[in-house]
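Just the heavy atoms: all of them, side chains too, but no hydrogens, waters or symmetry mates, feed the values below.
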Amino acid sequence: MTTSPSPATPDKTLSRDLASGALALAIAEIAEDAARLILPYWRSDTAVETKSDDSPVTQADRAAEALILERLAALYPGVQMVAEEAVAESGAPDQAEDWFWLIDPLDGTKGFVRGGEAFTVNIALIHAGRPVAGVVTAPATATTWRTDASGQGAFRRQFGEQQEGEAHSGAEWRPIKVRDRPAEGMALLSHSVTDEEAARLAARHGCTRWQGTDSSLKFCLIAEGRFDAYPRSGPTSEWDTAAGQAVLEAAGGRVLADDGQPLSYGKPRFLNGPFVAMGG
């Protein structure tokens, strides 16, 4: 979806909150509330529909996206919003504006439908093609990863059953950082690739071992220093990667496109080509 055209510069509230880190805390609260909304649908035989691209969608996806869009519009009005389910229903904007949100309300829907735990809520703010703030929340484990003010690192918390507003209490946030590459690196790969392709991709990026997992969790596990690389050769949408990239870069990692440059945003149809996410 697209809001009314955003100005060349954001309003003073967004600029101030981005600079102070308050914006990341605010969108963490939104993502955690979306996670609480999603959980009752998990492992409940919720109805599954198939979108035009053959990917699944559930009422959990739509309810979480509606909550996120409403809350972002109230906090920071006038900023373009590009959200997965709105794009699926109405099409993508013709072009990205200088400032815009990328939203995936439930990344890893296939695993969610199967009852797996590796699904996430993703919210990222993009400026001039770069992710400048991002939050990833894993509802099944009540875990959130977020950026902070520029240059201030990345953080993780277990939000549990806390009530609305408590994400603004920073006491439980713990800093995270990528690890130095060990002698035998460990890669994360999408479950959509074959074992042979996974081994090839892992070895290409200096990893002797690999593990499959779903969703943007891969970025966050590298940001925590538990894994070393996530190479991706197949297509993804920008809302699949933006929040995770923001967190990983804030933790000291990198996400590089095929040309060796940082993965950028606002590309035609909001689609990514091949990339690799890396730790230290």
Side-chain angles (χ1 to χ4, degrees), residues 6 8-10 18 24 79-80 82 84 87 92-104 107 122-136 145-154 176-181 185-190 192-193 197-198 200-207 210 215-225 227-280:
S6 61
T9 56
L18 179 61
V79 180
Q80 184 184 43
V82 181
E84 180 179 19
V87 168
D94 292 336
Q95 63 182 26
E97 295 172 4
D98 194 40
W99 294 86
F100 67 99
W101 297 103
L102 278 169
I103 300 142
D104 189 342
D107 185 29
N122 300 264
I123 305 172
L125 179 64
I126 309 299
H127 177 226
R130 301 284 299 135
V132 294
V135 166
V136 177
W145 299 262
R146 66 165 176 87
T147 58
D148 197 8
S150 179
Q152 298 304 304
I176 57 172
K177 187 178 180 181
V178 299
R179 69 183 181 185
D180 293 334
R181 178 67 69 94
M186 181 80 161
L188 286 166
L189 278 300
S190 168
S192 63
V193 301
E197 176 71 357
R200 184 189 69 79
L201 286 169
R204 179 182 175 187
H205 296 284
C207 294
W210 62 273
S215 80
S216 59
L217 278 176
K218 295 183 279 291
F219 295 95
C220 300
L221 295 175
I222 297 171
E224 286 187 358
F227 293 85
D228 304 293
Y230 161 37
R232 179 79 184 209
S233 58
T236 56
S237 294
E238 293 186 352
W239 48 77
D240 295 318
T241 60
Q245 179 173 346
V247 170
L248 178 55
E249 290 180 343
R254 295 173 292 163
V255 182
L256 304 180
D258 252 5
D259 61 2
Q261 297 301 308
L263 189 64
S264 63
Y265 292 86
K267 300 182 295 295
R269 295 189 295 154
F270 298 89
L271 294 177
N272 296 320
F275 66 84
V276 57
M278 296 180 290

(request) Classify the ring geometry between Tyr230 and Phe275 as parallel (under 30°), tilted (30 to 60°) or perpendicular (over 60°). (result) perpendicular

(request) Please tell me if the side chains of Arg181 and Cys207 come closer than 4.5 Å, counting only heavy atoms from C-beta onward. (result) yes

(message) Assess the residue pair Leu201 and Trp210 against the criterion (side-chain contact (heavy atoms from CB on, under 4.5 Å)); give the C-alpha distance rounded to whole Å, side-chain angles, the decisive distance to 0.1 Å, and a yes or no.
(response) CA-CA 9 Å; Leu201 286 169; Trp210 62 273; over 6 Å; no

(request) Check the pair Arg269, Ser237 against side-chain contact (heavy atoms from CB on, under 4.5 Å), reporting the backbone distance first and the verdict last. (result) CA-CA 8 Å; Arg269 295 189 295 154; Ser237 294; over 6 Å; no

(request) Check Ala198 against Val193 and note the closest heavy-atom contact, atom names and distance. (result) CB-CG2, 3.8 Å

(message) Quick check with a 6.0 Å cut-off and a 45 degree axis cone: is Lys267 positioned over the face of Tyr265's six-membered ring?
(response) yes

(message) So which atom in Ala277 and which in Val255 form the shortest heavy-atom distance, rounded to 0.1 Å?
(response) CB-CG2, 4.0 Å

(message) Distance check, rounded to the nearest 0.5 Å: Cys220 atom SG versus Arg146 atom CZ?
(response) 13.0 Å

(request) Could you tell me which non-hydrogen atom of Val135 sits nearest to which non-hydrogen atom of Ala24, and how far apart they are? (result) CG2-O, 3.6 Å

(message) Within this structure, what is the CZ-CD1 distance for the pair Phe270 and Ile126, rounded to the nearest 0.5 Å?
(response) 10.0 Å

(request) Output yes when a side-chain donor or acceptor of Asp107 lies under 3.5 Å from a complementary backbone atom of Ser216, and no otherwise. (result) yes

(message) Checking the side chain of Asp228 only, and the main-chain atoms of Met186 only, is there a donor and an acceptor separated by less than 3.5 Å?
(response) yes

(message) How long is the straight-line distance from CG of Leu18 back to CG of Asp148, given to the nearest 0.5 Å?
(response) 10.5 Å

(request) Working to the nearest 0.5 Å, report the span between CD1 of Ile123 and CH2 of Trp101. (result) 7.5 Å

(request) Answer yes or no: does atom CG of Asp259 have more than 12 heavy-atom neighbours from other residues, nucleotides or ligands under 6.0 Å? (result) yes

(message) For Arg254, is the CZ atom crowded, meaning more than 12 foreign heavy atoms sit under 6.0 Å from it?
(response) no

(request) Decide yes or no on side-chain contact (heavy atoms from CB on, under 4.5 Å) for Val82 and Ile103, but give the supporting numbers first. (result) CA-CA 6 Å; Val82 181; Ile103 300 142; over 6 Å; no

(message) Less than 4.5 Å apart, side chain to side chain, heavy atoms only: is that true for Gln245 and Leu263?
(response) yes

(message) Pair His127, Asp98 - check side-chain contact (heavy atoms from CB on, under 4.5 Å), show working.
(response) CA-CA 6 Å; His127 177 226; Asp98 194 40; 3.3 Å; yes

(message) So which atom in Ala242 and which in Pro131 form the shortest heavy-atom distance, rounded to 0.1 Å?
(response) O-CB, 3.8 Å

(message) For Leu102, is there any backbone N or O sitting under 3.5 Å from a side-chain donor or acceptor partner on Glu84?
(response) no

(message) Using 0.5 Å steps for rounding, measure from the CG atom of Leu271 to the CD atom of Glu238.
(response) 7.5 Å

(request) Kindly indicate whether the side chain of Pro274, heavy atoms from C-beta on, has any atom under 4.5 Å from the side chain of Arg232. (result) no

(request) Could you grab the distance from atom CH2 of Trp145 to atom CG of Leu248, nearest 0.5 Å is fine? (result) 12.5 Å

(message) Do the side chains of Lys177 and Glu224 get close enough for a salt bridge, i.e. N-O under 4.0 angstrom?
(response) no

(message) Checking side-chain polar atoms at under 3.5 Å, does Asn272 have a donor or acceptor matched by the opposite partner on Thr241?
(response) yes

(request) Kindly give the heavy-atom pair with the smallest separation between Thr147 and Ala246, and that separation in Å. (result) CG2-O, 3.3 Å

(request) Find out whether Trp99 and Leu125 are in side-chain contact, i.e. whether some heavy atom of one side chain is under 4.5 Å from a heavy atom of the other. (result) yes

(request) Search all heavy atoms of His205 against all heavy atoms of Pro231 and return the closest pair with its distance. (result) CD2-CB, 3.4 Å

